[in-house]
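Residue numbers begin at 1 in each chain, while the letters A, B, ... track the order of the sequences. Please read all numbers here as calculations on a predicted model, not as lab measurements.
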Amino acid sequence: MDFDYSDDQKFLKDEARKFLGGRCPPAVVRGVLDDPAKSYDEPLWKAVAEQGWLGAAIAEEHGGLGLGRVELCAIAEELGRAVAPIPFASTVYILAEAVMAHGSDAQKAAILPAIAAGERIGCLAVSEGPGALTPSALSAQVEGGKLTGVKIPVTDGDVAHTAIVLASENGKPGLFLVDLTGAGVTRETLESLDPTRGVARLTFDGAAAERLGPAGEGFDLVQAILDRAAVLLAFEQLGGADRCLEMAKEYALGRYAFGRVIGGYQAIKHKLVDIYVKNEVARSNAYYGAWALNASTLKENGAPELPTAAAAARIAASDAFWFASKESVQVHGGMGFTWEVDCHLYYRRSRQLSLVAGSPRLWKERLVSELEKKNAA
Amino acid sequence: MDFDYSDDQKFLKDEARKFLGGRCPPAVVRGVLDDPAKSYDEPLWKAVAEQGWLGAAIAEEHGGLGLGRVELCAIAEELGRAVAPIPFASTVYILAEAVMAHGSDAQKAAILPAIAAGERIGCLAVSEGPGALTPSALSAQVEGGKLTGVKIPVTDGDVAHTAIVLASENGKPGLFLVDLTGAGVTRETLESLDPTRGVARLTFDGAAAERLGPAGEGFDLVQAILDRAAVLLAFEQLGGADRCLEMAKEYALGRYAFGRVIGGYQAIKHKLVDIYVKNEVARSNAYYGAWALNASTLKENGAPELPTAAAAARIAASDAFWFASKESVQVHGGMGFTWEVDCHLYYRRSRQLSLVAGSPRLWKERLVSELEKKNAA
Amino acid sequence: MDFNDSPSEAAYRDKARAWLQEAAAAHKAQHGEPKPNTPEHMAAAKAWQARKADAGYACITWPAVVGGGGGTPIESVIFGQEEGKAGVAYGYFTIGLGMCVPTVMAFANTDTKKRFVSPAVKGEEIWCQLFSEPAGGSDVAALRTRAVKDGDEWVINGQKVWTTGAHYSDFGILLTRTDVDAPKHKGLTMFWIDMRDAAVECRPIHQMSGGRDFNEVYFSDLRVKDSQRLGEVGQGWQVALVTLMNERLAVGGSAGPNYREVLELARALPGEDGPALKNDAFREKLADWFVASQGLKFTRFRTMTALSRGQTPGPESSIGKIISANQLQDLANTAVEMQGEYGILTGAEAAAGAAFQQSLMWAPGLRIAGGTDEILKNIIAERVLGLPGDVRVDKDVAFKDIPTGR
Amino acid sequence: MDFNDSPSEAAYRDKARAWLQEAAAAHKAQHGEPKPNTPEHMAAAKAWQARKADAGYACITWPAVVGGGGGTPIESVIFGQEEGKAGVAYGYFTIGLGMCVPTVMAFANTDTKKRFVSPAVKGEEIWCQLFSEPAGGSDVAALRTRAVKDGDEWVINGQKVWTTGAHYSDFGILLTRTDVDAPKHKGLTMFWIDMRDAAVECRPIHQMSGGRDFNEVYFSDLRVKDSQRLGEVGQGWQVALVTLMNERLAVGGSAGPNYREVLELARALPGEDGPALKNDAFREKLADWFVASQGLKFTRFRTMTALSRGQTPGPESSIGKIISANQLQDLANTAVEMQGEYGILTGAEAAAGAAFQQSLMWAPGLRIAGGTDEILKNIIAERVLGLPGDVRVDKDVAFKDIPTGR
């Protein structure tokens with residue numbers, strides 16, 4: 001039993017922090033935020049590819065580094081801390097992981113090396129409108145290998161090369177890989193709460209679609225994909241929450257009111273402790289999730305702990321990042337409400353990360369369903 | 001428009017406070033708390049009857065004072081503040097109000113004067129076990145005017161003379177008045193979270209039962225009875241919550257830590273403000289409830305505002321009293337956790353008052369159902 | 001306790017409603033519905049205010065002699081309710097008429113009052129309040145804007161921040177430091193100033209919400225006459241407290257969508273099993289929001305009753321912003337999360353016209369503006385509950401000697 | 001990160017489990033299941049502790065030479081998990097072995113250590129910790145129990161409060177004031193004392209929960225030898241800090257029903273529409289409780305890992321009680337309210353053996369004992385986050401001159 005990063009993993013994480021400190025300071029994030037034409041920072045994306053991060057968890061035979069998922073979690077934590085404006089989650093946590101878990105050998109060979117090389121951006125196209133998407137409401141259709149329908153919103157859909165699309169075929173939901181650079185695809189960039197990440201409407205009109213995973217199991221496959229992504233996203237959220245606490249603490253130690261630093265007032269002290277407590281709960285759940293995720297990639301039938309561990313990691317991390325980002329604004333007072341101070345980058349990203357792979361409410365329901373089963377057994 | 005007690009009502013309330021200050025100090029409450037054989041304080045009950053409070057809202061023709069419901073709310077607020085250990089709620093808010101609203105002339109003539117004279121204690125017997133009681137689960141039965149079944153728990157059931165019992169007759173739920181001093185009734189006093197109020201198991205075996213209100217509408221009648229009681233209970237809760245705030249404030253101003261009164265530390269100051277804020281929200285909702293209750297007694301078909309107003313008053317007051325009673329213990333520190341300090345009298349009573357007429361969760365559901373209807377209309 | 005109108009209140013309400021119906025129709029016919037933050041919007045607002053003043057519906061509780069309505073606080077509440085239903089309301093005058101002009105009325109000489117009160121009531125001139133500074137924040141009295149006496153004039157230099165509406169205001173009340181050797185609260189003096197003076201520069205602040213509703217205001221050798229002084233030299237803090245007390249009394253409406261709007265959203269939104277409105281967890285939240293909103297509304301009404309009875313209302317109304325700002329943030333976030341991934345959208349496609357997303361970005365400011373949650377709790381603790389103030393290291397110390405970390 | 005046992009850990013677990021199975025069976029055969037707070041229960045506890053010590057499972061991380069197990073922190077966690085499953089556990093030794101004896105080991109002379117450590121490990125002698133006083137509370141160092149030097153002895157008078165297990169303890173560590181002219185933290189001295197001395201009187205405290213788990217302890221001319229001193233005269237606060245640091249490391253289990261128990265209650269309880277477990281609002285709470293409980297469990301594990309790696313664990317573990325005490329109160333209250341009117345019952349009829357009602361009455365104490373929520377937040381803010389302490393008016397002031405309101 002060992003409940004922390006190993007020394008090697010810590011080294012990797014420290015290096016990642018240094019790297020992002022140089023390549024992804026707030027100015028880079030703001031470069032994407034302030035420019036409506038930009039959905040991500042291309043130089044950073046290339047640099048990250050060169051670091052090998054895109055293929056960190058991809059097997060060496062597919063051009064990756066062949067590291068474990070815990071190493072990928074360490075990278076995710078640092079990306080979250082830096083609010084990195086790149087389609088890393090869509091590409092690595094979702095497309096690469098989905099293909100590794102559910103793709104055919106041919107799909108693996110076609111997609112994974114391209115991801116590792118930084119030449120393939122991915123996205124997940126499930127949503128068709130506000131609220132829950134139920135099997136009966138699913139309107140995207142595949143017939144004869146051709147996809148028709150509208151997906152909105154699709155995170156990173158405006159810059160991705162390959163989409164995983166949930167659509168029905170023969171009246172049953174399935175997952176499909178679609179080349180977004182091919183014919184029959186129209187994309188439109190949309191405005192969002194977090195302009196440092198791209199969001200699009202994808203309209204398919206006879207686009208070529210190739211099935212990913214078994215037929216008819218689309219919703220289960222989406223859940224399996226999100227289970228994995230949830231753990232990695234939790235580390236991004238944790239990294240962001242930690243940075244919010246740091247920023248708030250630094251400000252509270254430098255700002256004077258009534259002749260004392262505001263960090264000396266219990267209202268501020270205890271607020272920072274509340275953030276700290278949530279962050280530690282998130283960290284511990286995330287670590288367990290990382291272990292379960294990694295274990296699931298090492299076993300034939302995955303790890304039975306993953307659904308519960310992923311849900312707990314995601315719930316704790318979503319809660320922590322939301323709380324940290326909003327209370328960090330509060331500690332910064334009026335300054336925190338300005339565009340020029342970085343608090344809102346985290347506030348926006350916390351919303352993006354909570355919304356992108358199922359809201360906390362859905363994960364709570366999933367978690368309790370699992371507990372119900374487990375306890376009944 | 002006028003959103004406060006009138007001067008006359010304030011005078012009545014001040015007098016009630018003075019009276020209870022003399023007749024119902026904590027020692028009287030503890031007299032019931034510490035004596036397993038006592039379910040209420042009889043001298044206090046008699047004194048309250050002599051004050052005319054039991055018949056405050058009962059018409060003069062039935063031996064009451066014929067005051068309005070707002071006056072009764074003022075008395076309720078003071079009773080709550082004093083944690084009065086008497087079956088006032090069961091008798092006045094429930095039995096008297098129910099008979100006034102739903103009783104026949106004969107029932108009114110038989111019951112109301114006895115209540116006003118302090119000779120009749122009431123109770124409401126609905127629950128048959130833990131959790132919700134649904135029509136299909138209702139097991140108490142009336143056949144040929146004879147009641148059979150078990151009701152547990154019944155607040156004040158161990159000392160009451162008359163019970164309002166929910167039971168089915170001809171397969172449909174109805175309400176019945178039962179003389180608990182008659183044949184076919186067994187009662188057993190039970191242990192409870194708040195020993196300053198009596199709780200019993202009532203076993204009926206062919207007890208004489210007389211219908212109250214129309215046949216087949218038992219569940220609706222219970223709700224109508226609880227709508228009225230909820231407003232009056234909200235004032236008891238408000239009075240208790242206010243007293244908790246006072247006690248906590250007094251303690252915080254007298255207790256020193258690190259050379260300063262603890263009331264000077266923001267952690268304590270802001271906690272007391274949190275109590276204050278909840279109490280004010282509860283007060284404002286209670287006032288609206290008092291008006292709606294009073295209006296409902298003046299109109300033929302009641303006031304349409306009552307269900308929403310009663311629910312809001314009860315939710316706000318339950319929340320305020322729970323919060324005030326538990327945080328008052330916290331402000332008192334170790335002393336607050338002792339038997340000898342009065343905090344736990346309020347902590348216990350806050351639980352009793354939240355549980356006795358439908359938990360806050362049920363009232364929230366009721367409130368939202370009303371809002372749903374109102375907005376749809 | 002009577003939540004119904006008395007006969008005379010009912011009559012007032014009928015009259016107001018009838019007037020509003022006609023006036024709003026005439027107003028809309030003339031001005032249409034211009035976009036906020038445009039000159040046309042401002043023109044419409046001024047016209048509406050003038051129309052109200054003519055009919056005695058502007059500043060209802062003020063005496064008729066200064067242009068007010070000569071009415072009661074309850075009448076003011078009634079008119080506010082009806083005006084809300086009529087769908088015509090503008091926010092430009094709230095600070096001036098709620099805070100600045102009352103301060104002018106309390107401290108200015110007769111000529112100044114004559115000059116300013118009536119035009120303000122009629123909406124001809126707009127006022128702003130210049131207190132907050134970068135170094136001040138929650139600690140308003142730590143301000144550094146200097147006013148130095150020069151003959152019969154004062155020369156003012158410094159910077160204010162978070163000034164609502166500075167860019168469209170004609171006049172402002174300005175709190176300055178006139179003595180740096182006195183303890184912090186004792187070296188302040190208040191003036192009224194002309195916002196159009198060339199020595200006054202407004203720069204809008206870019207907020208995290210994207211908008212620019214507030215300003216930085218810079219003073220570079222702004223010269224004002226000593227007759228523009230409000231209150232005595234060194235008494236500025238006492239004058240400011242009157243302004244801030246009026247701020248508490250300025251009854252504010254809700255600042256965004258409330259339970260009603262989110263109920264409608266949930267009714268329309270698909271959940272996993274029927275509409276999202278069916279979810280019990282959401283329903284409990286909805287109940288809590290309703291109860292808190294009603295609680296605040298009736299608490300404001302209680303304040304009005306106290307005023308009507310000639311009593312000084314307590315600062316109960318300070319509980320308003322603590323609750324409403326936090327509730328707005330929670331409600332908006334719940335509404336956005338309820339939409340799932342779609343909740344991220346803020347453009348033309350956004351559900352409910354992106355009202356919840358906008359509130360989500362605005363609520364953090366609401367929790368800070370006009371006193372942070374923490375400062376308001378201190379105020380309630382000390383002024384309502386009578387708890388001791390924080391240990392102060394900045395009392396009885398010359399302002400220039402107070403630690404600032406710089 | 002590996003939440004599975006390593007091969008050697010698995011072997012340790014197997015061995016421990018095998019031993020526990022046999023030992024627990026033998027223990028139960030001999031002692032039955034006596035009622036808590038009876039002499040039989042105490043005898044059983046002591047026998048179990050002796051059995052563990054014999055097998056090297058008492059004080060697993062302590063060296064074998066003092067009677068410990070000579071094992072690793074992770075082994076200690078493993079044994080704790082397995083002991084929990086075996087259903088044999090007693091709380092009498094936690095404070096002595098977790099806090100008092102480590103203090104003795106750190107500060108006593110060799111003879112004293114030899115005399116006390118081994119009997120404590122074997123469960124032959126029980127220790128209690130005598131720090132809190134009525135006037136102290138959160139401010140432990142404000143204690144007034146006086147120790148006055150008299151030749152080679154000290155004479156002690158005063159009163160302690162909230163002493164867990166004083167009535168069944170054999171020895172205690174006692175923090176006293178030996179100098180009232182020194183500033184508060186500098187006039188303290190620590191001793192070990194014999195709790196059976198006639199000059200020591202224990203009076204149980206009647207708690208709001210009805211139980212009597214704590215004591216007031218009075219000292220009337222209690223004479224102790226100077227050799228019973230732990231640490232230097234005037235250094236008592238430093239000694240106490242070591243005790244309190246060990247308190248943080250004493251890994252505590254949960255203090256009442258948790259998500260599992262309330263899930264089972266809700267499964268069995270009728271709601272308005274199927275079992276109460278179907279209610280979404282309850283389900284969200286359940287998820288939150290699970291996540292927090294797991295978070296705390298794994299946070300304790302992270303502390304163990306730090307210890308295993310030879311690092312000093314941070315005070316992350318202080319987050320434990322803040323979360324768990326508040327959660328217990330909320331969980332118990334939810335479980336009680338879920339039962340409706342029936343939730344009021346606490347006797348033989350009560351659902352789930354009244355476990356939730358008992359927790360509801362116990363939780364307020366848990367939020368206070370061993371440091372209130374507020375004090376723990378101060379500690380985390382200052383020691384973990386490095387934020388400044390409160391402004392202190394009691395530093396560098398002679399103890400007798402500090403304001404106390406008396």
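For a residue to count as touching a neighbouring chain, one of its non-hydrogen atoms must lie under 4.5 Å from one of that chain's; by this rule Leu133(B) does not touch chain D. Looking at Phe282(D), there are no atoms closer than 4.5 Å to chain B (heavy atoms on both sides), in backbone or side chain. If you measure heavy-atom distances from Val336(D) to chain B, the contacts under 4.5 Å come from both the backbone and the side chain. Proximity to chain B (any heavy atom under 4.5 Å) is shown, for Leu345(D), by both the backbone and the side chain. For Asn378(D), no part sits under 4.5 Å from any heavy atom of chain B, backbone or side chain. Looking at Lys271(B), the atoms closer than 4.5 Å to chain D (heavy atoms on both sides) all sit in the side chain, from C-beta outward. Only the side chain of Ile375(D) comes within less than 4.5 Å of a heavy atom of chain B; its backbone N, CA, C and O stay farther away. Neither the backbone nor the side chain of Arg197(B) has a heavy atom closer than 4.5 Å to any heavy atom of chain D. Proximity to chain D is limited to the side chain of Thr134(B), based on heavy atoms less than 4.5 angstrom apart. With a threshold of 4.5 angstrom between heavy atoms, Ile344(D) approaches chain B through its backbone and through its side chain. With a 4.5 Å cut-off on non-hydrogen atoms, Leu265(D) does not touch chain B at all. Of the atoms belonging to Val329(B), heavy atoms from both backbone and side chain fall under 4.5 Å from chain D.
Between Arg367(D) and Glu327(B) the shortest side-chain heavy-atom distance falls below 4.5 Å. At a threshold of 4.5 Å between non-hydrogen side-chain atoms, the residues Phe214(D) and Thr338(B) do not count as touching.
Most heavy-atom pairs under 4.5 Å with chain D: of the set Gln352(B), Glu365(B), Arg361(B), Lys364(B), this distinction falls to Arg361(B). Options Glu337(D), Lys395(D), Gln339(D) differ in how many heavy-atom pairs under 4.5 Å they form with chain B, and the most are formed by Glu337(D). Contact count versus chain B (heavy atoms, under 4.5 Å) is highest, among Gln357(D), Lys377(D), Glu349(D), for Glu349(D). Taking Gly347(D), Ala351(D), Ala141(D) one by one and counting their heavy-atom pairs under 4.5 Å with chain B, the maximum is reached by Gly347(D). Note on Pro130(B), Ala132(B), Ser359(B): by heavy-atom pairs under 4.5 Å with chain D, the leading option is Pro130(B).
With Arg348(B) contributing its side chain and Met208(D) its backbone, the two residues share a donor-acceptor pair below 3.5 Å. Of the possible donor and acceptor atoms, none in the side chain of Tyr342(D) sits under 3.5 Å from a partner among the backbone N and O of Leu355(B).
Below 4.5 Å, heavy atoms of chain D meet heavy atoms from Ile152(B), Pro153(B), Thr155(B), all part of residues 149-157 of chain B.
Of all the heavy atoms in Phe337(B) and Met361(D), the pair that sits closest is CE1-O, 3.4 Å. The shortest heavy-atom contact between Asp373(D) and Gln330(B) is N-NE2, 3.6 Å.
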Would you sort out whether Leu362(B) and Glu272(D) count as a side-chain contact (heavy atoms from CB on, under 4.5 Å), showing the intermediate values? CA-CA 9 Å; Leu362(B) 292 181; Glu272(D) 294 74 54; 3.1 Å; yes
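One finds the CZ atom of Phe258(B) at 7.5 Å from the CG atom of Asp394(D) (value rounded to the nearest 0.5 Å). Note that NZ of Lys326(B) and CG of Asn326(D) are 6.5 Å apart. Values are rounded to the nearest 0.5 Å.
Classification of the Trp339(B)-His206(D) ring pair by plane angle, with boundaries at 30° and 60°, yields parallel.
Heavy-atom neighbours of Lys186(D) NZ from other residues, nucleotides or ligands within 6.0 Å: at or below the threshold of 12. For Asp35(B), the CG atom counts as densely surrounded, since its 6.0 Å shell holds more than 12 non-hydrogen atoms of other residues, nucleotides or ligands.
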